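Working notes, beginning with the structure itself.
Values in this document were obtained by computation on a predicted structure and should not be read as measured data. By convention in this document, chain letters (A, B, ...) are assigned in the order of the sequence lines, proteins followed by strands, and residues within each chain are numbered from 1. Below, all heavy atoms of this structure are taken into account, side chains as well, without hydrogens, waters or symmetry copies.
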Amino acid sequence: MKTALDILKERGFIEQMTHEEEITKLFAEGKPINFYIGFDATADSLTAGHFMTIMGMAHLQRAGHRPIALVGGGTTKVGDPSGRTDMRKMLTDEQIAHNCEIFKQQLGKFLDFSEGKALMVNNDDWLSKLGYVDLLREVGFCFSVNRMLSADCYKSRMEVGLTFLEFNYMIMQSYDFLELNRKYDCIMQLGGNDQWSNILGGVELIRRLENKPAFGMTFKLLTTSEGVKMGKTAKGAVWLDPNKTSPFEFFQYWRNIEDAKVEECLSLLTFLPMEEVRRLGSLEGSQINEAKEILAFEVTKIVHGEEEAQKAKEGARSLFGGGADSANIPTLEKTRADFADGIELLQLMVETGLAPTKTEARRNIEQGGVKLGEEKVEDVKRIVVLADFENNKLLIQKGKKKFHQVVLTD
RNA sequence: GGAGGGGUUCCCGAGCGGCCAAAGGGGGCAGACUGUAAAUCUGUUGCUUUAUGCUUCGAUGGUUCGAAUCCGUCUCCCUCCA
């Protein structure tokens, strides 16, 4: 009988764990385990980066364990220095509270919170109430500054500077674990591998203070083969909020994943059985495109629902397959009156977001990268007029993969 | 608190009175090659009404025909001392 741990291991989630033998035994007993993962509310949406972690939680929940999703309203006020070479921008309390609300809603889509099958907490509830001296006396003596400084998450900051505020982050996170342990009997903390030292802090704190077992595990971080964190683009993160990253863009992100990462992504980001994952991952040459499409579809389905995933898939197929059905690609609505005198193509490209500025749009045209429908645009000063539309639609293509359509609405 | 060093375009980093919209690298974008992949090669990379145009080199005030470059003030960061 496979334990939840076996499943996570088989799918390649696990990077490190604190007490492997004990953890293995614990899972083998089959009793529900209360575990937690924290999400700091640094932005107004979760990202693709969080998604993998959430999948880990979902697998554990499916196996009967109880996740505690912790939203870091309090820790965000401090700012995690892990993996950063500069200090985080300070957010206002209102922004943080706002972000927390959004995180809660989004998390609710991926985990089953009914009938106490999962819990949602906000560490601001207790961290903000801590008294400085009380905290120092309660947990301060458990932390060795020498050891903290040697922790990985602070190393990168030793040269450029680390503020006392950030230095305390580890203590805050450790305190969270202690609090959850006391209140909800939470005995395990998971997180991305960059959280390893923060997690260790909590595990050791509980073991010392409560004299009880506590465990930590970290998940592998998804990176491209160059080692760049996956889920990031030049424009920023790939968001789970459809208003920040449209389902179509989201789909395309995974559709364009590099060959070498297909199997890993299928395994970590979908619920497909492992035999299927391995079969798809072993496809070679252009056949691997089939696997990429399945990956993109499955991930989009989990995040945005089956309907949106289907639309994105069809939209992509028609665009790249040369079909004419462009119903599901990003659209800009315009009225006929807007085109009375025609509109500069440069202007339209900026409005659709295909180019950030007119200069950039001009450059794209000069370099031969812009198409109107089937026509390659040669003239930088091209004016778009009603006659360019077909069935009230006009497709603008920039480069090979960026499409946007303008639709006339009257 | 004292003494030094520094803040340059998305990032790193040169420039130290005109030849600077600012070297080089990274990243991005476009083109070629392809499989909506990777690698490679080429071009490009402040903005606009493309011009002997406009706005940029931490902020501000000055010197100068002319300042990223010199001077004053402010601000932030780093190192050493206390």
Side-chain angles (χ1 to χ4, degrees), chain A residues 81 83-90 156-166 222-230 232-238 248-266 280-297 299-300 312-323 326 328-330 341-347 349-372 376-383 395-404:
Chain A
R84 289 212 141 218
T85 52
D86 57 335
M87 190 164 150
R88 286 174 189 276
K89 220 170 68 203
M90 287 284 238
S156 59
R157 297 298 292 280
M158 291 313 284
E159 281 166 28
V160 289
L162 173 72
T163 62
F164 187 64
L165 175 75
E166 299 169 284
L222 249 183
T223 60
T224 66
S225 37
E226 273 115 59
V228 182
K229 254 195 207 174
M230 223 183 257
K232 292 246 190 271
T233 67
K235 291 192 189 79
V238 174
F248 182 76
E249 287 173 88
F250 188 85
F251 181 94
Q252 282 300 121
Y253 181 84
W254 302 110
R255 178 63 245 264
N256 286 318
I257 218 78
E258 55 186 314
D259 288 10
K261 291 287 163 177
V262 170
E263 184 165 332
E264 198 179 342
C265 287
L266 280 166
L280 291 167
S282 66
L283 293 174
E284 285 183 7
S286 59
Q287 281 198 319
I288 199 158
N289 278 317
E290 184 199 329
K292 290 186 189 183
E293 190 182 74
I294 292 173
L295 168 69
F297 179 78
V299 179
T300 310
K313 185 164 104 179
E314 282 162 15
R317 274 193 178 171
S318 70
L319 283 174
F320 291 98
S326 50
N328 301 314
I329 60 165
D341 301 318
I343 297 181
E344 262 191 309
L345 176 57
L346 295 179
Q347 176 64 31
M349 286 179 67
V350 173
E351 278 186 47
T352 53
L354 284 172
T357 62
K358 285 194 190 179
T359 301
E360 177 95 29
R362 176 178 289 115
R363 206 151 41 223
N364 289 143
I365 295 176
E366 278 166 359
Q367 294 180 134
V370 179
K371 278 190 190 172
L372 270 182
K376 182 168 163 185
V377 180
E378 309 279 357
D379 180 11
V380 169
K381 293 187 177 136
R382 179 74 152 80
I383 306 287
L395 188 68
I396 307 176
Q397 178 178 0
K398 191 205 86 168
K400 291 184 194 86
K401 297 180 208 163
K402 298 276 164 50
F403 299 87
H404 215 104

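Distance noted for atom P between B/U8 and B/C57: 11 Å (whole Å). B/C29 and B/A39 are spaced 13 Å apart, taking the P atom of each and rounding to whole Å. As rounded to the nearest Å, B/C16 and B/U69 have P atoms that lie 12 Å from one another. With both ends at atom C1', the span from B/G24 to B/U73 equals 35 Å, rounded to whole Å. Spacing between B/C78 and B/C10 at atom C1', rounded to whole Å, works out to 23 Å. When the C1' atom is compared between B/C70 and B/G18, the two are found 14 Å apart, to the nearest whole Å. Taking the C1' atom of each, B/A32 and B/G26 are spaced 23 Å apart, rounded to whole Å. Comparing the P positions of B/A21 and B/U52 gives an interatomic distance of 14 Å, to the nearest angstrom.
For A/V377, the side chain to side chain contact (heavy atoms under 4.5 Å, CB included) partners at least two apart in sequence or on another chain are A/L345, A/I365, A/V370, A/L372, A/R382. Qualifying side chain to side chain donor-acceptor pair (under 3.5 Å) partners for A/N289, counting only residues two or more places apart in sequence or in other chains: A/R255. Applying the side chain to side chain donor-acceptor pair (under 3.5 Å) rule to A/E351 yields the partners A/K334, A/Q347; only residues at least two apart in sequence or on another chain are considered. Under the salt bridge (Lys or Arg N to Asp or Glu O under 4.0 Å) criterion, A/K313 pairs with no residue, sequence neighbours left out. A/E360 meets the side chain to side chain contact (heavy atoms under 4.5 Å, CB included) test with A/A355, A/P356, A/T357, A/R363, A/N364; sequence neighbours excluded. For A/E249, the side chain to side chain donor-acceptor pair (under 3.5 Å) partners are A/S246, not counting sequence neighbours. Under the salt bridge (Lys or Arg N to Asp or Glu O under 4.0 Å) criterion, A/K398 pairs with no residue at all, not counting sequence neighbours. Every residue was checked against the side chain to side chain contact (heavy atoms under 4.5 Å, CB included) condition with A/S282, not counting sequence neighbours, and none meets it. Looking at residues two or more places apart in sequence or on another chain, you find no side chain to side chain donor-acceptor pair (under 3.5 Å) involving A/Q397.
Note on A/K401: every side-chain N or O is 4.0 Å or more away from OP1 and OP2 of B/G35. In this structure, A/K400 reaches the B/G31 phosphate: one of its side-chain N or O atoms is under 4.0 Å from OP1 or OP2.
Summarising the geometry, the separation between CG on A/L354 and P on B/G28 is reported as 19 Å, rounded to the nearest angstrom. Spacing between atom CZ of A/R255 and atom P of B/A37 amounts to 8 Å, rounded to whole angstrom units. If you take NZ of A/K371 and P of B/U36, they are 13 Å apart, rounded to a whole angstrom. Rounded to whole Å, the distance from CD1 on A/I343 to P on B/U49 is 15 Å. Between the C1' atom of B/A30 and the CZ atom of A/F403 lies a distance of 15 Å, rounded to the nearest Å. Between the CG atom of A/N256 and the C1' atom of B/U34 there is a distance of 13 Å, rounded to whole Å. Whole-Å rounding puts the A/R317 CZ to B/G35 P distance at 18 Å. Spacing between atom CD of A/Q287 and atom C1' of B/G35 amounts to 11 Å, rounded to whole angstrom units.
Remark: RNA chain B takes part in the stems B:1-7 with B:75-81, B:10-12 with B:24-26, B:27-32 with B:40-45, B:58-62 with B:70-74, each of 3 or more antiparallel Watson-Crick or G-U pairs, criterion distances under 3.5 Å.
The shortest side-chain heavy-atom distance between A/F320 and A/K400 does not fall under the 4.5 Å cut-off.
Backbone-only contact: A/K398 has heavy atoms under 4.0 Å from sugar-phosphate atoms and none from a base. Here A/N364 lies in heavy-atom contact (under 4.0 Å) with sugar-phosphate atoms only. A/I257 comes within contact range of the sugar-phosphate backbone alone, with a heavy-atom separation under 4.0 Å but no base atom that close. Base contact: A/A316 has a heavy atom under 4.0 Å from a base atom.
Contact between A/W254 and A/A296 at its shortest, heavy atoms only, is CB-CA, 3.8 Å.
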So which protein nitrogen or oxygen atoms get under 3.5 Å of nucleotides 43-48 of chain B's nitrogens or oxygens?
| residue | atom | partner | partner atom | Å |
| --- | --- | --- | --- | --- |
| B/G43 | N2 | A/Q367 | OE1 | 3.0 |
| B/G43 | N2 | A/Q367 | NE2 | 3.4 |
| B/G43 | N3 | A/Q367 | OE1 | 3.3 |
| B/U44 | O4' | A/Q367 | OE1 | 3.3 |
| B/U44 | O2' | A/R363 | NE | 3.4 |
| B/C47 | OP1 | A/T357 | OG1 | 3.2 |
| B/U48 | OP1 | A/K358 | N | 3.1 |
| B/U48 | OP2 | A/T359 | N | 2.6 |
| B/U48 | OP2 | A/T359 | OG1 | 2.1 |

N/O contacts under 3.5 Å, protein versus nucleotides 56-58 of chain B?
none

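Listed for the A/K261 side chain is a donor-acceptor partner under 3.5 Å among the backbone atoms of A/T223.
Between A/I288 and A/V370, it is A/V370 whose nearest contact on RNA chain B lies nearer the 5' terminus.
Atom CG of A/D379 sits in a crowded spot, with more than 12 heavy atoms from other residues, nucleotides or ligands closer than 6.0 Å.
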